Amino acid sequence: MSTRHLVDPELLPLLDLWPTLSLSAESLEQARRWESPKPQVVDDGVTVERVVVPGPAGAPDVALYLFRPARLAEGAGCIVHMHGGGYVLGKAEDGAVRLRPIVAALGCIVVSVDYRLAPETPFPGPIEDCYAGLRWTFAHAQRLGIDPARIGVMGESAGGGLAAALALLARDRGEFQLAFQHLLYPMIDDRTCSNDPDPLTGEFIWNRASNRFGWQCMLGQEPGGAEVSPYVAAARAEDVAGLPPTYIATGALDLFRDENITYAQRLLAAGVPTEFHVWPGAIHAFDALPDAAIAQEANQSRIAALRRALTAKPRA
């Protein structure tokens with residue numbers, strides 16, 4: 001049964017621009033070479049700088065992409081960003097189309113981490129790369145012109161999974177205190193691969209076969225097993241208390257819908273301030289079609305939430 005009739009009509013062109021591909025070891029390199037259509041970048045005054053910073057102990061250095069506004073807001077904050085791609089695809093520089101409007105609208109800095117990909121680098125390599133990027137950002141807050149009390153994490157899809165895991169890792173290591181976590185259709189639960197599937201989710205863009213492959217690559221084993229760290233699958237965390245204020249948004253037809261709903265419920269039950277959205281008729285990565293009304297509404301919601309997070313009174 002196809003769920004195409006449930007997709008917001010304005011999102012249907014995305015199904016042609018960004019076809020669903022079932023990832024496998026045989027198709028991975030082809031998928032990595034494919035470039036998604038990108039809208040023209042407007043002259044918004046945002047500049048992009050690539051810096052290379054020390055990586056985890058015994059690992060290569062990590063590249064970061066720094067997005068700066070034409071003018072920093074007073075008391076500016078910073079968003080440490082992780083890109084999507086199922087843990088096996090994508091590059092930090094590809095986030096420019098998504099990140100530039102945020103930087104221009106909020107006058108903040110975004111630091112996007114070019115973490116190593118699985119299967120060449122499975123867990124814990126990617127999350128440790130992200131932690132190295134976070135450590136560098138806090139250490140260089142004065143140089144960047146940002147308030148270290150206003151640094152949070154953000155990501156979409158697998159990047160949202162890394163952002164959620166990074167929030168847990170930062171909480172547990174106690175070296176930094178994050179101001180917020182901002183998660184867009186985050187990939188946070190490997191058990192979705194083995195649970196009874198909802199036939200109304202996961203048909204488009206990122207399907208169950210790709211999800212299993214992505215988790216296999218990241219974990220180095222079959223997903224759904226007993227011993228999976230919360231620092232790779234945040235939904236595995238036994239305790240989510242003490243995490244920073246959270247924003248989560250997902251689509252009604254997204255494969256990650258139910259794992260996102262469950263995580264939001266757990267955060268709320270643990271006393272974590274949480275804003276949660278399920279966008280009707282929305283598929284995975286629906287915001288990649290910026291002219292669609294629902295994508296515009298979702299992106300406006302995100303920017304408004306980020307503005308509140310970046311200007312909120314620092315956590316005690």
Side-chain angles (χ1 to χ4, degrees), residues 32 35 38 41-85 87-118 120-121 124-163 165-167 169-170 173 175-182 231 306 309-310:
R32 284 177 172 174
E35 293 189 7
K38 295 179 176 64
V41 175
V42 299
D43 184 8
D44 51 14
V46 174
T47 60
V48 184
E49 177 188 3
R50 182 181 184 271
V51 299
V52 178
V53 306
D61 291 343
V62 178
L64 308 177
Y65 285 78
L66 278 55
F67 294 80
R68 301 173 182 270
R71 182 177 180 276
L72 271 178
E74 183 177 353
C78 180
I79 303 167
V80 176
H81 170 261
M82 278 61 65
H83 66 81
Y87 300 122
V88 297
L89 301 170
K91 304 184 292 293
E93 60 187 303
D94 294 339
V97 171
R98 177 189 299 275
L99 300 176
R100 292 177 70 106
I102 293 174
V103 172
L106 301 179
C108 67
I109 285 179
V110 170
V111 175
S112 191
V113 183
D114 204 23
Y115 58 87
R116 289 169 291 170
L117 299 176
E120 294 86 351
T121 305
I127 189 63
E128 292 294 351
D129 287 352
C130 296
Y131 195 85
L134 184 68
R135 177 189 293 115
W136 182 91
T137 302
F138 271 94
H140 292 78
Q142 184 174 3
R143 170 193 156 187
L144 294 171
I146 58 174
D147 183 348
R150 301 185 190 279
I151 297 174
V153 294
M154 177 177 80
E156 59 281 343
S157 193
L162 286 166
L166 190 56
L169 194 58
R173 288 183 175 173
E175 189 177 0
F176 317 113
Q177 185 175 40
L178 295 177
F180 59 89
Q181 60 175 339
H182 191 92
Y231 306 136
L306 285 167
L310 287 164

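Hydrogens, waters and symmetry mates play no part in the numbers below; they use all other heavy atoms, side chains included. Because the structure is a prediction, the values reported are computed rather than measured.
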Looking at side-chain heavy atoms only, is the closest gap between Met82 and Leu166 below 4.5 Å?
-> yes

Measuring from Tyr231:OH to Leu169:CG, what's the distance to the nearest 0.5 Å?
-> 6.0 Å

Checking Ile146, Leu178, Val80 against Phe138 for side chain to side chain contact (heavy atoms under 4.5 Å, CB included), the one that qualifies is Leu178

Please report, to 0.1 Å, the donor-acceptor pairs under 3.5 Å made by any side chain of residues 106-115, with sequence neighbours excluded.
{"residue": "Ser112", "atom": "OG", "partner": "His81", "partner atom": "ND1", "Å": "2.9"}
{"residue": "Asp114", "atom": "OD1", "partner": "Ala92", "partner atom": "N", "Å": "3.0"}
{"residue": "Tyr115", "atom": "OH", "partner": "His83", "partner atom": "O", "Å": "2.7"}
{"residue": "Tyr115", "atom": "OH", "partner": "His83", "partner atom": "ND1", "Å": "3.4"}

Distance under 6.0 Å and angle within 45° of ring axis: Arg173 vs Tyr131 | yes

Of the non-hydrogen atoms in Arg100 and Val46, which two are nearest, and what is the gap between them?
-> NH2-O, 3.0 Å

Walk me through it: do Ile79 and Phe180 pass the test side chain to side chain contact (heavy atoms under 4.5 Å, CB included)?
-> CA-CA 9 Å; Ile79 303 167; Phe180 59 89; 3.9 Å; yes

Can you name the nearest heavy-atom pair linking Thr137 to Ile151, along with the distance?
-> CG2-CD1, 4.1 Å

Compare all side-chain heavy atoms of Arg98 with those of Glu156 and state whether any distance is below 4.5 angstrom.
-> yes

Determine all donor-acceptor pairs shorter than 3.5 Å in which one atom belongs to a side chain in residues 49-72; sequence neighbours excluded.
{"residue": "Arg50", "atom": "NE", "partner": "Tyr65", "partner atom": "OH", "Å": "3.4"}

Say you draw a straight line from CD1 of Ile127 to CG of Leu134; how long is it, rounded to the nearest 0.5 Å?
-> 9.5 Å

Minimal non-hydrogen separation, Ala96 against Pro101, with atom names | O-CD, 4.2 Å

Grab the two heavy atoms, one from Cys78 and one from Leu310, that are nearest each other, plus how far apart they are.
-> N-CD2, 3.8 Å

Kindly write out the residues that satisfy side-chain contact (heavy atoms from CB on, under 4.5 Å) with Ala149, not counting sequence neighbours, or none if the list is empty.
-> Asp147, Pro314

Report, as yes or no, whether the 6.0 Å neighbourhood of atom CD on Glu120 holds more than 12 heavy atoms from other residues, nucleotides or ligands.
-> yes

When every non-hydrogen atom of Ala158 is compared with those of Gly85, the smallest separation belongs to CB-N, 4.1 Å

With side chain to side chain contact (heavy atoms under 4.5 Å, CB included) as the test, would you mind laying out the steps for Glu175 and Arg135 before giving the verdict?
-> CA-CA 9 Å; Glu175 189 177 0; Arg135 177 189 293 115; 3.8 Å; yes

Looking only at heavy atoms, the pair that brings Arg32 and Val88 closest together is NE-O, 2.9 Å

Would you check if Leu89 and Leu117 make a side-chain contact, meaning some heavy-atom pair closer than 4.5 Å?
-> no

